[in-house]
Structure formats: C-alpha cells, structure tokens
Amino acid sequence: MGALPQPAPAGACRVGIAGFGTVGQAVARLIRELAPAELQLTTICNRAVERKRVADLGDVRWTDRVEDLLDGEVDVVVELIGGRVPAEDWIRRALDAGKSVVTANKQVIAHAGPELLDRARRAGRHLRFEAAVGGGIPVLRAIEDGLAGDRLSRVAGVLNGTCNYVLTRMEGNHRCSFSDALREAQALGLTEANPAEDVDGLDARAKLAILALVALGLHVRPEEISCRSIAAVEPIDFIYAKRLGATIRQVAWIERDRNGSEPAVAAVGPALVPAGSRLARVTGRENVVIVSGEFGGETAFSGHGAGGDPTAVAVLSDLLAIARSAAPPRAPRAEPSAVSSDLVGPQYIRFTVADRPGIIAELATVFARHNVSIDAVLQEPGCPPARLPFVISLESCAASVVNRAITAAASLDFHVVPPLVLPILRPAPASGAQAPGAV
Ligand code: HSE
C-alpha cells in the first residue's frame, strides 16, 4: 500500500475505530489514502485484535479493550461492530465519556436514535449515522442541510440492495426463481448475516425509521412499521405486473398526515411500481430514496446502498463533518409517533387456484360484499389448471378492507397457495399536490 501515513497536524480530530471488519478496514484504508488533514487514526479496537493487525496504518494503537476508546487519545469513536448488543451500550459509554460518535449501525439508530441523539446533545457531542441508510448515498445530510428549507411530507425508497438484486434478477429472467436469485445475492456478499432480515423487510424498515426521524422528525418504533416479505413473489408476477404497466420492487414508504391529526402511514414490502418510474429504474444492488416536500416537490437520491467502500465513504464524510463543524446538530423530538399501515390505493392480487367454473364469480361476490370495486381480471393462457395463477386488480381502497376481503375469501376451496396482495403505487403528479401512494 506504499509509504506509511504522515502524522496528522496538531489539533486533528483523533479517531478510534470499534470493529475492524470489512467496513472498518475500508475506513482505515480511506483515511490512509486520502490523508485528510483534519483526521488522525489513533486506535483500532477489535476482539482478538492480533489476527487483525496490519503493518501499513502507521502509529496506531491496537486493542481489544473498549476502555481504550474512551481515553484521551480518541475524540471520535467510529462504531462498526454491528448488532444492538454491545454496540448500543458502547455508543452510550463513548458519548458519556465526552466522545463524538459515528456509526453505521441502523438497528441501534432505528431503535434508540432519539435517546442517543438527546444524550449527544446534552454532552455537547455529535452522533452521526450517514452510513446506516443507503450506504454511500449522502441522503441524511442532503435532507438535513439541503432540504432544511422545505416541509417534508413523504419518503419512499428502495432501501435494501439484496431485495432489489433478487427482484430485478427475476424481472430480467423469468426462469430465475426467488431462491436462485437470493443464493446469487448471498454469493455477492450483499445479504445480512441472516438473509431473512433483508427478504422479510426488517433491514429496510430500520432504515425507514431513521429516514422518518431525519426527514419528518417522527420517532417511529421500527416494530410498528408493517413489513411483508418478498419471498412470495414469483416470476409470473412480473408478467402480470408488465401487463399493468408496472414492475415489482421492495418499497419502503412513510407519509405524514398533512394536519398532524392522523398517524403517519408507513409500510415496507413488495409493491407494483409504474414502469419507468424512479423506483422501477433502480436495478441490481442499488438503492434510491425519494423525498417529497410541500414546496420543493420531489428530490431523489440514488447510488450504492451497501458494500465496504461506499459505506466507508459515508463514515469518512461524517468524520470530516464533525472535524470541520463547531456546534453539534439539534436532537429531534424524542416522543414516539403513532404509525399506521393502512395505505389507500389500487391493489394487485394474484390468486393461484385449482381451476373449476365459478371461481371469479365467487371472488367478485366477496369483493362486492366488502364494497371493493374490481378494475381488471388478467389471466395468462396456457397455465396448468391444477395450479393456475390469475390476477384481479382493484380500484383504490384501504389495505385493511382488502385484507378483510382476502381473509373472507380464504375459506373458498380453490386456493393452492395463499393469495399475494401487492399495493399498486401510482405515478406522482407532475407538480404540486401529493397523491397518497404516488411514486
Ligand atoms: N443487506 C443490506 C442490503 C446491506 O442488502 O441492502 C446494507 O444495509
């Protein structure tokens, strides 16, 4: 890697890294290669640190004791150990010891962000977490600084690279099954340690809770955001989605009530998005975040949402922001906000049935009883009658009403697999007023 780094000038911000895995190593390498005058890497803390030690980082203290991050040789602790335990406690200890903290830990910030931000504010220190959402996309800073002059009402995005990789693989190759595509994503190192976190939406909902805090000032408990898995999506759904002028993405969205009198509506799950829309154009492991402001309209941020180097860029940018800034930012409101998942809009329902006469008539009766109007019925020719997939799309209605109708239809005898319900998100109006569910 070339010559050893030069000592940073006096007054540089001294950095201690907790967790020397893929991202920790990328952060150390970036500090070494970019050599910013404002930063000096002084300490690296990892379990069994001897096996991590490398020679080319210059005069760095290697330790396995967290206490070594809390002493006079460190100004900013970079937490990259992941998971809530012991990371959350280490962040508290660092702030209480008068250190600023940079973290990539979405679960800690999604669950304890407001309390930790308040603790940082009281200590007069910074807590920054750009890397926790969207990897290398500087979306939190852009919202905090660049959109501070607007009143933001809605955030929608593709926030999980694994799900986007899997869905866009199935979209591009209808012979590629969900499990084949997921195996490929695992081989590429995109998935969390437990890929269910990606597929079932828990990773994206943690990121959405952080975006809600930063963009909308709402403290939403992640476990209150409804999540649906992409595991039930099949290649046939892309064929039907295309006939409806759409494709399928795992979408995370939250929208606040304009008057603040109703709970915000938030959900994470597979959804139909208009072909050619910003959400549809995001392919492979990329992420996109679309923020809607009352005055400025829509702003989109896209790029690499995961991976060691993009995440390290976000961490380093946070470190430089701390080193260059005087006052820590304000902490947002700490009280939790209520959230509902009852999105109103058109819906896609794929039934897989053992064919016989009268199925559509029976389903139409159930929908009529729930006062729900059918928009279209789609059926591909040539499907096997023993496992026949067809789609009913519904005109705009509340998700809760559709769920009640589907529960009522569950007792009908023709289902081979449970129906798949996906919201159909609509194109955003060209300008001005927001439509619920618009993308
Ligand atoms: N597993 C995550 C993803 C990594 O697929 O987006 C970044 O959080």
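Keep in mind it's a predicted model, so treat the numbers as computed, not measured. All ligand and atom numbering here is 1-based and tracks the order in the structure.
- Between R92 and D89 there is no salt bridge, since none of the side-chain N atoms of the basic residue sits less than 4.0 Å from a carboxylate O of the acidic one.
- Between R93 and E67 there is a salt bridge, since at least one side-chain N of the basic residue sits less than 4.0 Å from a carboxylate O of the acidic one.
- Using a cutoff of 4.0 Å between basic side-chain nitrogens and carboxylate oxygens, E286 and R281 are not scored as salt-bridged.
- For the residue pair S153/R151, the side-chain donor-acceptor check at 3.5 Å is not satisfied.
- By the 6.0 Å contact criterion, CZ on R228 is enclosed, its count of non-hydrogen atoms from other residues, nucleotides or ligands being greater than 12.
- For ligand 1, residues of the protein lying within 4.0 angstrom by heavy-atom distance are K106, N160, G161, T162, L190, T191, E192, D198, D203, K207, G305, A306.
- I17 contributes atom CD1, which lies 9.5 Å from atom OG1 of T43 (distance to the nearest 0.5 angstrom).
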